[in-house]
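Below is one structure, written out as structure tokens; the observations come after it.
Sequence positions, counted from 1, serve as the residue numbers for this chain.
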Amino acid sequence: MKYFAWSISLLVGLMSLGQEMLWFRVISFMLGGAPFAFALVLFFFLLGIAYGASKGKTICTRYSNLFFAGGVVLIFAGLIDIAIPFIILQVSQNHAIELSLLLCFILIFVVAALKAILFPIVHHLGTNIANGKVGASVSKVYFFNIIGSTLGSLLIGGILLDYVSISSMFILIGIVCILIGSLMAVKKSVSSVITVIMLGSSCFYLVDKHTDYIFRTLYGKEEISVNTYVENRYGIIHIINDNKGGVKNIVLGNNIYDGIINLDPDNDINDLNRLYLLAAVHPNPKKVLVIGVSAGAWTRALSSFPTLETIDAIEINKGYIDIIKQYPVVSPILNDPKINIYIDDGRRWLKRNSDKKYDLIIMNTTYHWRSGTTNLISQEMMKIAENSLNPDGILAFNSTRSPDTLKTAQSVFKYAYWGKLGFIYASDSMIKIDEVVAKDRLDKLILDGKPLFNEESKQRENGAYKKTLSTQLLTLDELEKLQNLGRDLEIITDSNMITEYKYGFFGKK
């Protein structure tokens, strides 16, 4: 009996913590990567565990057949797990995001509570009171639960989500719960175990591993259509069309704007002028590092710089490579001998390759308030970047209009400037825009064997050429006077994480 109890303890821990990882991804998606998403999931998850454990204690005192009672609970939990994707689908289609979040929090509590009921039960089943080794018996049950919980986080969150969608993972966990519950509820024998294994194998084979019910319709409105959808353990990527606004191929990473697949110099809707400014102010960039490839528009545009010899491009989500393959306007970066794409974390890659030096480091960073963004815009990161720059090298990154990032850049580099849309240019050498020199350098940009800017595109008011030349670079003092924030700007560090937890998600300044 004790071996069976240990097994149940391990499997319930695996499914419970694995499901917590799934819930975190769902809630984080709904909140656009807000840093408090995990805290919310953990709160309702732990609340459910506490409530479920108390109910499990009650069951242990009222029922003599704990195997049957535990089996019924697991079967019920499995049915709810299977229903979760369909419930979220129905609510998200017809109701506001607030109701969807509320429903998810209720579901997190319920599924955590149902699985936690099993914990006191398996302790009763696996504890040996007769020989006086109560402490040792309890510790073994708890040990197997911890092993299962650890495996659940690693196996589901770190491996399986590369091959199985979140929706399908909920369904598969539900099936496993039902099968284990059935095994507990019936008489345990070799034949029943074999039957459960065969049923489980069949279900795993028959369930569509890539079916998505949770995320596919969040953009299923008439004014928005989905072109491409990719889901893996790094997140969810949508390429959508804004049919109402007439904008095509908008990139969304985990439900947040992540660029546009567009290189049209006549209609610079994704403001590539912020990138072309680097060609205008740096005399001879040869080696460039791009952190954050996304769908490839910036890296593709960067390849037009005539003096470039090498572009090292770092992207943490390999799903973007699948996106790039599908869009001819950016797919050439996958075959360009000058471009080396690495799937890695940008900061980690810089630290591992500290011997490499670059003329330009470019980060089209995500929103400053999103979870983990401090990793790219902190003072510590900028020091790492500065160490990887050649003399006169420039770090260019997207502040997403957080003025504290300019203060942070100024604390590391001798010069730091605020450009269009809050794009920041930092260097140990002064950066100036000389219109005559800038025009000459922009005229030399070549893409696919042709000048990037023809005479007609140079006259476009909304074109990249004029927008580049009209850029004003503001110093920290000039920005503070212009914005009149009413507070002192602060330096972002790995420790204070102020853009995520102090001045971020709720639009505080």
Side-chain angles (χ1 to χ4, degrees), residues 259 263 265 270-316 320-321 324 330-365 376-377 381-399 409 412-413 415-417 419-420 423-429 431 433 437-438 441-442 444-448 452 464 468 471:
L263 274 81
N270 48 343
D271 284 288
L272 285 169
N273 60 85
R274 296 170 292 172
L275 173 69
Y276 299 137
L277 185 71
L278 292 167
V281 299
H282 195 289
N284 189 32
K286 293 182 179 180
K287 298 183 182 298
V288 178
L289 175 67
V290 176
I291 296 178
V293 177
S294 185
W298 281 60
T299 304
R300 175 78 166 120
L302 185 62
S303 67
S304 67
F305 289 30
T307 59
L308 287 188
E309 297 173 357
T310 302
I311 301 174
D312 288 335
I314 317 299
E315 174 53 55
I316 196 169
Y320 279 112
I321 305 302
I324 292 169
V330 291
S331 60
I333 69 172
L334 300 177
N335 302 309
D336 191 327
K338 294 187 300 184
I339 300 175
N340 307 303
I341 299 179
Y342 303 94
I343 303 300
D344 203 347
D345 173 80
R347 180 163 170 169
R348 179 174 59 195
W349 194 91
L350 268 176
K351 293 175 74 173
R352 289 177 175 176
N353 296 272
S354 58
D355 56 317
K356 292 192 174 187
K357 303 296 179 183
Y358 298 96
D359 300 304
L360 302 174
I361 297 179
I362 303 166
M363 303 189 299
N364 192 9
T365 325
L376 291 175
I377 60 176
M381 172 59 179
M382 293 187 195
K383 288 179 179 178
I384 295 171
E386 184 193 33
N387 183 63
S388 296
L389 284 171
N390 286 320
D392 300 325
I394 300 174
L395 168 66
F397 68 95
N398 196 346
S399 73
V412 175
F413 294 89
Y415 303 94
Y417 306 89
K420 282 188 182 295
F423 213 80
I424 290 175
Y425 305 86
S427 177
D428 287 330
S429 299
I431 301 174
I433 302 174
V437 174
R441 291 174 180 169
L442 292 177
K444 293 178 181 177
L445 299 185
I446 303 293
L447 191 65
D448 295 329
L452 183 66
T468 302
T471 302

Looking at every heavy atom in both [X] and [Y], which two are closest together, and how far apart are they?
{"X": "Ala385", "Y": "Ile361", "answer": "O-CD1, 3.6 Å"}
{"X": "Asp312", "Y": "Lys356", "answer": "OD2-NZ, 3.7 Å"}
{"X": "Ala295", "Y": "Tyr320", "answer": "N-CD2, 3.7 Å"}
{"X": "Ser427", "Y": "Ile394", "answer": "CB-CG1, 4.1 Å"}
{"X": "Phe413", "Y": "Ala426", "answer": "CD1-CB, 3.6 Å"}
{"X": "Ala279", "Y": "Leu445", "answer": "CB-CD2, 3.9 Å"}

Review point. Would Asp448 and Arg300 count as a salt bridge (Lys or Arg N to Asp or Glu O under 4.0 Å) if you check the C-alpha gap in whole Å, the side-chain angles of each, and the deciding distance to 0.1 Å?
Key: CA-CA 10 Å; Asp448 295 329; Arg300 175 78 166 120; 2.8 Å; yes
**Study point:** side chain to side chain donor-acceptor pair (under 3.5 Å) contacts in which one or both residues fall within residues 272-292, not counting sequence neighbours
**Key:**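 Checked against side chain to side chain donor-acceptor pair (under 3.5 Å) - neighbours excluded - the pairs reaching residues 272-292 are Asp268-Asn273, Asp271-Asn273.
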Point to revise | Side-chain donor or acceptor of Asp336 paired with backbone N/O of Pro332 under 3.5 Å | key: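 No; judged by distance alone, with no hydrogens or angles, the pair does not exist.
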Review point. For the side chain of Asp345 and the backbone of Arg348, is there at least one donor-acceptor N/O pair under 3.5 Å apart?
Key: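 Pair found, side chain donor or acceptor close to backbone of Arg348.
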Measuring from [X]:[atom1] to [Y]:[atom2], what's the distance to the nearest 0.5 Å?
{"X": "Asn390", "Y": "Asp359", "atom1": "CG", "atom2": "CG", "answer": "5.0 Å"}
{"X": "Ile424", "Y": "Met382", "atom1": "CD1", "atom2": "CE", "answer": "6.5 Å"}
{"X": "Met363", "Y": "Ser399", "atom1": "CE", "atom2": "OG", "answer": "11.0 Å"}
{"X": "Trp349", "Y": "Ser354", "atom1": "CH2", "atom2": "OG", "answer": "10.5 Å"}
{"X": "Thr310", "Y": "Leu289", "atom1": "OG1", "atom2": "CG", "answer": "11.5 Å"}
{"X": "Phe305", "Y": "Leu442", "atom1": "CZ", "atom2": "CG", "answer": "8.5 Å"}

Check your understanding: Is the closest side-chain heavy-atom distance between Lys357 and Asn387 below 4.5 Å?
Key -> yes
Check your understanding: Does Ile433 reach the side chain of Val281, with side-chain heavy atoms less than 4.5 Å apart?
Key -> yes
Practice item. Before giving the answer on side chain to side chain contact (heavy atoms under 4.5 Å, CB included), spell out for Met381 and Leu350 the whole-Å C-alpha distance, their side-chain angles and the decisive distance to 0.1 Å. Key: CA-CA 9 Å; Met381 172 59 179; Leu350 268 176; 3.7 Å; yes
Revision key, fill the gap. Exactly one candidate in Asn398, Ile291, Leu395, Leu302 meets side chain to side chain contact (heavy atoms under 4.5 Å, CB included) with Ile362; the answer is Leu302
Review point. Applying the side chain to side chain contact (heavy atoms under 4.5 Å, CB included) test to Ile333, which of Ile321, Val293, Ile311 qualifies?
Key: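 Of the listed residues Ile321, Val293, Ile311, the side chain to side chain contact (heavy atoms under 4.5 Å, CB included) partner of Ile333 is Val293.
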Practice item. Count the heavy atoms of every other residue, nucleotide or ligand shown that sit under 6.0 Å from NZ of Lys351, and state whether that count exceeds 12. Key: no
Practice item. Any chance you could lay out the side chain to side chain contact (heavy atoms under 4.5 Å, CB included) test for Phe423 and Leu275, step after step, and finish with the verdict? Key: CA-CA 9 Å; Phe423 213 80; Leu275 173 69; over 6 Å; no
Review point. Can you list the steps and then say if Lys420 with Leu277 is a side chain to side chain contact (heavy atoms under 4.5 Å, CB included)?
Key: CA-CA 10 Å; Lys420 282 188 182 295; Leu277 185 71; over 6 Å; no
